[in-house]
Protein chains: 2
Amino acid sequence: MTFDPDQRRSGCPVSCSLDLLGDKWSLLIVRDMVFVHKRYFKEFLTSDEGIATNILTDRLGKLEAAGIISKRPDPDNGRQVIYTLTDKGVALVPLLVELVCWGALYDNAPDADADIVRSISKDKQRFVNKLTNAIQR
Amino acid sequence: MTFDPDQRRSGCPVSCSLDLLGDKWSLLIVRDMVFVHKRYFKEFLTSDEGIATNILTDRLGKLEAAGIISKRPDPDNGRQVIYTLTDKGVALVPLLVELVCWGALYDNAPDADADIVRSISKDKQRFVNKLTNAIQR
DNA sequence: CTGTATCCTTAGGGATACTG
DNA sequence: CAGTATCCCTAAGGATACAG
């Protein structure tokens with residue numbers, strides 16, 4: 001399964017990004033990998049939004065086809081699979097930070113701590129670096 | 001038509017943002033407003049991606065319900081309607097800039113000028129300010 | 001445990017015609 | 001011009017069972 005660039009709706013970078021990420025689930029998987037270091041199939045199933053197994057399978061496949069994540073067997077347990085972010089996936093951290101700030105500051109997301117988000121939005125780059133460095137490959 | 005916060009899948013700010021913006025069309029409309037100052041129904045129909053009239057109607061309604069855009073009659077032509085970004089909509093500019101940079105630098109979007117995108121990614125804030133100030137309300 | 005497969009319902013969306 | 005409405009097909013997705 002590889003992503004077909006001919007399916008792009010246009011050459012616009014915004015459009016190309018949305019071709020891969022423009023749905024309600026893909027970025028939630030990346031979020032879980034970035035913010036809470038989830039790596040296993042079952043871990044993604046436990047998030048509050050309640051993704052179904054078939055949707056999770058589909059999105060993991062599409063994210064891998066897009067080169068955003070990669071999978072390998074868990075060295076500690078051959079029957080487990082570990083999903084990790086590629087460089088292309090890690091590069092989504094700034095985008096996720098913007099989604100957090102906008103949702104918190106402008107859409108009043110209930111779970112957001114206003115003080116923390118204000119401090120993040122004052123120095124996004126620092127927060128992006130901190131998150132990026134904490135990601136396990 | 002107003003947005004119903006009870007339909008949120010969770011309180012997470014990323015999830016809340018995606019509840020409103022997580023599809024393939026909504027952010028393209030905002031993109032057209034931010035980058036090429038489109039304001040009229042017909043203008044949105046002419047973009048490369050080819051949005052259908054029923055989808056455009058639906059998304060304009062949802063964006064308005066979410067408080068991201070507002071509509072008013074064109075003072076120069078009472079039968080025309082002008083769509084403009086609210087403060088909440090203008091606040092999406094940083095997110096759009098991230099979509100541009102990621103699509104260009106990591107997803108090889110054909111229409112992106114690599115040199116320009118590199119210069120943007122070196123000082124995103126400057127570019128965000130420039131775009132934000134150029135938006136007509 | 002990690003998925004696949006199936007069933008079934010709903011949502012998305014293209015094409016087109018039509019209304020104020 | 002700015003939408004609405006309709007038709008119709010496909011994609012998305014929830015629930016559940018099942019396989020390697």
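Residue numbers start from 1 in every chain, and the chains themselves are labelled A, B, ... in the order their sequence lines are given, proteins ahead of strands.
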Rounded to the nearest angstrom, tell me the gap between atom CG in A:N77 and atom C1' in C:dC1. 8 Å
What integer distance in Å separates B:D58:CG from C:dG14:C1'? 14 Å
Separation of C:dT9 P from A:I55 CD1 (nearest whole Å): 17 Å
Quick one: do B:E49 and B:R31 make a salt bridge, cutoff under 4.0 Å? yes
B:L18 CG to D:dG13 P: how many Å, rounded? 12 Å
Output the rounded distance in Å from CG (A:L60) to C1' (C:dT2). 10 Å
If each of A:R79 and A:R59 is mapped to the nucleotide of DNA chain D with the nearest heavy atom, which maps nearer the 5' terminus, i.e. the 5' end? A:R59
B:L56 has an atom CG; how far is it from atom P of D:dT4, in whole Å? 10 Å
Answer with yes or no whether A:N54 presents, from its side chain, a donor or acceptor under 3.5 Å of a partner atom in the base of D:dG14. yes
B:K24 NZ to D:dT10 C1', in whole Å, measures 14 Å
Looking at D:dA2, D:dG14, C:dG14, which one has an atom nearest to any side-chain atom of B:A52? C:dG14
Side chains of B:L63 and B:S26 in contact at under 4.5 Å (non-hydrogen atoms): yes
Among D:dC1, C:dT2, D:dA17, the one nearest any side-chain atom of A:T53 is D:dA17
Between B:I51 and A:Y40, name the one whose nearest nucleotide on DNA chain C is closer to the 5' end. A:Y40
So do B:N54 and B:D58 actually touch side chain to side chain, heavy atoms under 4.5 Å? no
Side-chain contact test, heavy atoms from C-beta onward, threshold under 4.5 Å: evaluate it for B:K62 versus B:I68 and give yes or no. no
Identify which nucleotide among C:dC1, D:dG14, D:dA2 has an atom closest to any side-chain atom of B:F41, counting heavy atoms from C-beta outward. D:dA2
Measure from the side-chain N and O atoms of A:D107 to the backbone N and O of A:A109, and report whether any donor-acceptor pair falls under 3.5 Å. no
B:K62 has a side chain; which of C:dC1, C:dG12, D:dG14 sits nearest to it? C:dG12
May I have the distance from B:D23 (atom CG) to D:dA11 (atom C1'), rounded to whole angstrom? 14 Å
